[in-house]
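Because the structure is a prediction, the values reported are computed rather than measured.
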Amino acid sequence: MSFLMQNGDVLYRGKIRKMDVLVDDFGRVTVADQIDLTAEDVDEIIDASSLLIAPGLIDPHVHLREPGFEYKETIASGTLAAAKGGYTTIMAMPNLNPVPDSLEHLKIQQERIHYDAKVQVIPYAAITKGQKGVGELVDFDALAAEVIAFSDDGKGVQDEAMMREAMLAAQRNNCLIVAHCEDESLIAKGACIHEGRKAEELGLIGISSASEYRQIERDLRLAEETGCQYHICHISCKESVELVRQAKKRGVSVSCEVTPHHLLLCEDDITADDGRFKMNPPLRSKADQEALIAGLLDGTIDMIATDHAPHSAQEKGKGLQGSAMGIVGLETAFELIYTYLVKTSKLTLERCFELMSFNCADLFGIEGGEIVNFEKANLAVFDLNKREKINPKTFVSQGKSTPFEGWWAMGRCVMNVTDGQIVYREGL
């Protein structure tokens, strides 16, 4: 199907300009100040005068749950949620069953992606066998060509010597280590929210910031020693930001991501004993939240990732202590960042796309950053003026748990074009 979007606000070569965008029958995209075609030349002409047309978003941190945990999410439902949120490429974390820790196990996931994915899905392989954070490393040499990077997300690699060997193997294969940083020796049994004022108020066992930043400190030393390209998942505390800031000044090959919930919420926003506020890492102090925003603004933090982590309603309905860790984010991330960071003038819209698309493409070596760079169109169309309340009942993800329920937001994705095909469309 061919279609012409006329007079849209197009993010093109780093600037937003009034332009026309044509997607032809082969899925190829053309951008120009004016494209003179009629209804006889294309299948559809769309008036885009009130819309933003941009390269699709890219998320380096998504839990699709399939194979193994389809009652939480499937590849079909998770990638539809991604499409609805404006994402054309997502990277799938390996906490699955079977864990993609061998070519045989990875093939199971790849086959399901091939048949069911609505957007581009690039899998990670685990760092350790069974994704246990201890024990035995996977065969990096066999897996490197088949995956985007290696991660044990959900578990920190506990042994320093094992992480050193993993970094050496990743360096040998010119690929990244993507680390969930959590020193389990520093976490008390039953810990469920940040070790701070709110934990004291509610009488709950807290998760210390040190459990994150001590492992980051170790890993940065190892990355400097090995020369490995090292990426930190869901950074959450002020000490972690400062460690990355100083490591970058020393020339360490390090990057990191932050989630919308850690940017926009802190422990003070936990208003009830509600599993919607339980995630790992937890919502930390106001000072940590402010440090994350500062790190985003000064370039210490490289990108925004959702850490989309769906669970069943039963798993999220057991309060702060009993609920599973994790919330959903694919369908709300852009709207939240646009509404609460761009509209408040903390970020420009152009910078927003750097953080939610272009920087990720650059780091992981995938296509992105410019609409016309793709062999086939990968773009999203947003209505920046539509204002609505976030309502989990409208989510297409099987997961419905979000601390942003009831928040007002603007910037809904109204069309997603992935690999030249319209994979999501609403109200356009």
Side-chain angles (χ1 to χ4, degrees), residues 61 63 65 67-69 91-106 108-109 123-144 146-173 175-192 195 205-237 240 243 254 256-257 279-282 307 309 324-326:
H61 194 144
H63 299 272
R65 306 302 193 198
F69 306 96
M91 303 180 194
M93 285 298 178
N95 50 343
L96 305 168
N97 185 18
V99 172
D101 55 6
S102 67
L103 287 174
E104 179 185 6
H105 288 167
L106 178 64
I108 296 169
Q109 182 188 10
Y124 286 95
I127 295 172
T128 59
K129 289 287 185 72
Q131 200 187 1
K132 296 177 180 177
V134 294
E136 183 183 354
L137 291 177
V138 302
D139 187 343
F140 279 70
D141 298 339
L143 287 162
E146 298 293 326
V147 297
I148 192 67
F150 291 82
S151 180
D152 266 5
D153 184 58
K155 297 282 290 186
V157 175
Q158 299 303 303
D159 182 69
E160 179 173 333
M162 174 168 279
M163 181 56 100
R164 179 184 289 107
E165 289 304 310
M167 287 189 177
L168 288 169
Q171 170 70 1
R172 182 173 67 246
N173 285 282
C175 59
L176 283 83
I177 290 290
V178 176
H180 172 112
C181 293
E182 186 173 26
D183 185 337
E184 294 174 3
S185 72
L186 299 177
I187 300 176
K189 185 177 180 180
C192 57
E195 186 181 76
I205 300 171
I207 300 170
S208 70
S209 295
S211 65
E212 174 179 296
Y213 71 76
R214 288 299 184 198
Q215 197 161 94
I216 289 176
E217 190 174 42
R218 178 202 74 180
D219 286 356
L220 287 171
R221 174 167 46 80
L222 293 176
E224 194 165 12
E225 173 190 324
T226 62
C228 173
Q229 193 169 10
Y230 173 68
H231 179 78
I232 305 166
C233 294
H234 45 48
I235 198 166
S236 73
C237 60
S240 299
L243 283 167
V254 58
C256 62
E257 69 193 34
M279 65 284 292
N280 191 19
D307 190 10
M325 295 275 197

Show the numbers, then the answer: is there a side chain to side chain contact (heavy atoms under 4.5 Å, CB included) between V147 and Y124? CA-CA 5 Å; V147 297; Y124 286 95; 5.7 Å; no

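Atom CG of L168 sits about 11.5 Å away from atom CE of M163, to the nearest 0.5 Å. Summarising the geometry, atom CD1 belonging to I232 is positioned 4.5 Å from atom CD1 belonging to I216; distances are rounded to the nearest 0.5 Å. For the atom pair OG1 (T226) and CD (Q171), the distance works out to 6.5 Å, reported to the nearest 0.5 Å.
Closest heavy-atom contact between M325 and C192: CE-O, 4.1 Å. Closest non-hydrogen pair, A166 versus L137, comes out as N-CD1, 3.6 Å. Considering all non-hydrogen atoms of both residues, S208 and E195 come closest at CB-OE1, 3.6 Å. Nearest heavy-atom pair, K129 versus V138, reported as atom, atom and distance to 0.1 Å: N-CG1, 3.9 Å. Pairing each heavy atom of M162 with each of G133, the nearest pair is SD-O, 4.3 Å. In this structure, P94 and V99 approach most closely via the heavy-atom pair O-CG1, 3.8 Å.
Residues passing the ring-ring contact (aromatic ring centres under 6.0 Å, His included) test with H180 are H234, sequence neighbours excluded. With sequence neighbours excluded, the residues forming a side chain to side chain donor-acceptor pair (under 3.5 Å) with Y230 are D219, listed by chain and number. Shown here are the side chain to side chain contact (heavy atoms under 4.5 Å, CB included) partners of A169, two or more places apart in sequence or in another chain: F140, R172. Under the side chain to side chain contact (heavy atoms under 4.5 Å, CB included) criterion, L96 pairs with P67, P100, Q109, not counting sequence neighbours. With sequence neighbours excluded, no residue forms a salt bridge (charged side-chain N to carboxylate O under 4.0 Å, His left out) with E146. The side chain to side chain contact (heavy atoms under 4.5 Å, CB included) check on E224 picks up R250, V252, with sequence neighbours excluded. Under the rule for a side chain to side chain donor-acceptor pair (under 3.5 Å), the partners of R214 that lie at least two apart in sequence or sit in another chain are E217. For K132, the salt bridge (charged side-chain N to carboxylate O under 4.0 Å, His left out) test picks out no residue, with sequence neighbours left out. Partners of A188 by side chain to side chain contact (heavy atoms under 4.5 Å, CB included), not counting sequence neighbours, listed by chain and number: I205. Annotation: side chain to side chain donor-acceptor pair (under 3.5 Å) contacts of E257 (sequence neighbours excluded): H61, H231. Partners of N97 under the side chain to side chain donor-acceptor pair (under 3.5 Å) rule, at least two apart in sequence or in another chain, do not exist in this structure.
Q215 places a side-chain N or O within donor-acceptor distance of the main-chain N or O of E182, the cut-off being under 3.5 Å. Side-chain atoms of E212 come within 3.5 Å of backbone atoms of S236 as a donor-acceptor pair (strictly under, hydrogens ignored). A distance-only check finds a donor-acceptor pair linking the side chain of Q131 to the backbone of N95 [under 3.5 Å].
Contact check for I108 versus P98: side-chain heavy atoms found under the 4.5 Å cut-off. Counting heavy atoms from C-beta on, the side chains of S102 and D139 never come closer than 4.5 Å. Using a 4.5 Å cut-off on side-chain heavy atoms (C-beta onward), C228 and L222 make no contact.
The pair E225-R164 meets the salt-bridge criterion, with a side-chain N (NZ, NE, NH1 or NH2) lying under 4.0 Å from an Asp/Glu carboxylate O.
Listed by first and then second residue, the salt bridge (Lys or Arg N to Asp or Glu O under 4.0 Å) pairs involving residues 148-159 are K155-E184 (not counting sequence neighbours).
Screening T128, L143, N173, D101 for a side chain to side chain contact (heavy atoms under 4.5 Å, CB included) involving F150 leaves a single residue, L143.
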